[in-house]
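To keep things clear, I will list the structure first and then write my remarks on it.
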Amino acid sequence: MADFYTQFPATLDFVHLSNPDQNGKYSLLVLFDSTTEEGVKDIKAVSDAIKEAVARGCTEKDRRTNAPVFAGKDPDDKAFFSTLQLPIKNADKDVLTRGDNAGKVRSEVYPEMKGKIVLTCKTKDNLLEQGLVFGPDRKPIPAAQLYSGMQGRVGVWFTPYDNNGNRGVSARLVSVLRTGDGERLTTGHNTDPFAGFGLPPVDDGETQGNAFDAMGI
């Protein structure tokens, strides 16, 4: 079960839940609207959860090393905090560092991100196969109904890490609640290989477990 759940529907972008990327991970971006009251509430909640993860990294022993991930560091040290790689970015300020758009501001390249705070969520688990991508009726969502631009909420684990000195906090995607439709974005791709045949959606059966209890549905 996740340790954090977004509370309000937001636009989900770059939705890759059917096939893993070249690193073997499934992922999506959550676009929080910084101009709405609900968006600001979720942004603050995410920021607080990340700060808590940093504090855990400074004080709690990691089971693998029997020492804190950020041993000897102060979570209130702004200089230290600024060195961490975090999963949340301001799309109007974040500068892309890879690919053809390197050096450009994220929201200039992707107009749907203007005024948005972006949370990057990843996992090695196929949540579709595990039945952890749901609709409001608690029934699993078929791949054909997943696309960039849909509305949804997510459950994540915020975890501190240190990979050979590369330190930060990751947002591990644990569950996805698709709350409704939205404008399809060109940044996404169709996740259903049978979409062009006009076939009805696959019946994935009944909901398994209570993965979304904390979402209040």
Side-chain angles (χ1 to χ4, degrees), residues 1-6 10 12-32 34 40 42-110 113 116-127 130 132 148 153-176 187:
M1 200 168 193
D3 65 349
F4 180 85
Y5 296 88
T6 57
L12 304 184
D13 200 359
F14 283 91
V15 177
H16 299 294
L17 296 177
S18 296
N19 299 297
D21 62 19
Q22 60 184 2
N23 297 315
K25 293 186 177 182
Y26 303 85
S27 61
L28 57 76
L29 304 181
V30 184
L31 309 187
F32 299 109
S34 61
V40 170
D42 259 343
I43 292 167
K44 183 180 185 305
V46 169
S47 298
D48 289 345
I50 289 175
K51 291 177 182 177
E52 290 177 5
V54 172
R56 293 199 310 271
C58 293
T59 59
E60 296 182 3
K61 292 183 178 181
D62 184 89
R63 287 179 294 180
R64 295 168 296 179
T65 63
N66 200 35
V69 176
F70 305 145
K73 299 298 182 179
D74 181 355
D76 296 322
D77 182 350
K78 293 182 179 180
F80 163 65
F81 198 92
S82 67
T83 66
L84 299 175
Q85 296 293 318
L86 303 178
I88 192 168
K89 304 287 185 182
N90 183 333
D92 292 331
K93 296 180 179 181
D94 184 43
V95 177
L96 300 174
T97 59
R98 299 178 182 177
D100 295 337
N101 294 312
K104 297 180 180 179
V105 175
R106 186 181 294 268
S107 63
E108 294 177 354
V109 178
Y110 306 107
M113 296 186 186
K116 303 296 193 301
I117 301 297
V118 182
L119 175 65
T120 300
C121 305
K122 298 181 179 181
T123 181
K124 291 184 178 180
D125 299 326
N126 188 328
L127 301 183
Q130 295 179 7
L132 293 175
S148 295
R153 294 166 58 197
V154 297
V156 299
W157 283 109
F158 287 112
T159 307
Y161 66 85
D162 183 345
N163 294 330
N164 298 318
N166 181 25
R167 295 169 170 167
V169 173
S170 63
R172 177 189 171 189
L173 189 63
V174 176
S175 52
V176 180
T187 55

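In what follows, every heavy atom counts, from backbone to side chain, and hydrogens, waters and symmetry copies are set aside.
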Going by an N to O cut-off under 4.0 Å, is there a salt bridge joining Asp125 and Arg172? yes
Got Pro160 and Arg56 here, is their nearest side-chain heavy-atom distance under 4.5 Å? yes
Could you walk me through whether Val30 and Leu12 satisfy the side chain to side chain contact (heavy atoms under 4.5 Å, CB included) test, starting with their C-alpha distance in whole Å, then the side-chain angles of each, then the deciding distance to 0.1 Å, before giving a yes or no? CA-CA 5 Å; Val30 184; Leu12 304 184; 3.9 Å; yes
Only one of Asn101, Asp94, Asn90 clears side-chain hydrogen bond (donor to acceptor under 3.5 Å, both in side chains) with Arg106; which? Asp94
Side chains of Val54 and Phe80 in contact at under 4.5 Å (non-hydrogen atoms): yes
Would a distance-only check, ignoring hydrogens and angles, find a side-chain to backbone donor-acceptor pair under 3.5 Å from Ser148 to Phe14? yes
Would you check if Ile117 and Val46 make a side-chain contact, meaning some heavy-atom pair closer than 4.5 Å? no
Distance, nearest 0.5 Å, that separates CZ of Phe70 from CZ of Arg167: 7.0 Å
So which heavy atom on Pro75 is nearest to which on Ala55, and how close? CB-CA, 3.8 Å
At what distance, to the nearest 0.5 angstrom, does CZ of Phe81 lie from CG of Asp74? 12.0 Å
Is there a side-chain contact between Phe4 and Ile50, using heavy atoms and a 4.5 Å cut-off? no
From CD (Gln130) to OG (Ser175), nearest 0.5 Å: 10.5 Å
If every non-hydrogen atom of Met113 is compared with every non-hydrogen atom of Leu29, which pair is closest and at what distance? CE-CD1, 3.7 Å
To the nearest 0.5 Å, what is the distance between CG (Asp42) and OG (Ser34)? 12.5 Å
Once you round to the nearest 0.5 Å, how far does CG of Asn126 lie from OH of Tyr26? 3.5 Å
Checking Val176, Thr120, Asp13, Leu119 against Leu28 for side chain to side chain contact (heavy atoms under 4.5 Å, CB included), the one that qualifies is Val176
Return yes if some donor-acceptor pair links the side-chain N/O of Ser107 with the main-chain N/O of Ala91 below 3.5 Å, else return no. yes
Does the side chain of Gln85 come within less than 4.5 Å of Asn166's, by heavy atoms? yes
Does Lys89 NZ have over 12 foreign heavy atoms under 6.0 Å away? yes
Would you check if the side chain of Asn23 reaches a backbone N or O of Lys25 as a donor-acceptor pair within less than 3.5 Å? no
Any chance you could lay out the side chain to side chain contact (heavy atoms under 4.5 Å, CB included) test for Glu52 and Phe158, step after step, and finish with the verdict? CA-CA 9 Å; Glu52 290 177 5; Phe158 287 112; over 6 Å; no
Once you round to the nearest 0.5 Å, how far does CG of Leu96 lie from NZ of Lys104? 9.0 Å
Restricting to non-hydrogen atoms, name the atom on Val169 and the atom on Tyr161 that form the minimum distance, rounded to 0.1 Å. N-CE2, 3.4 Å
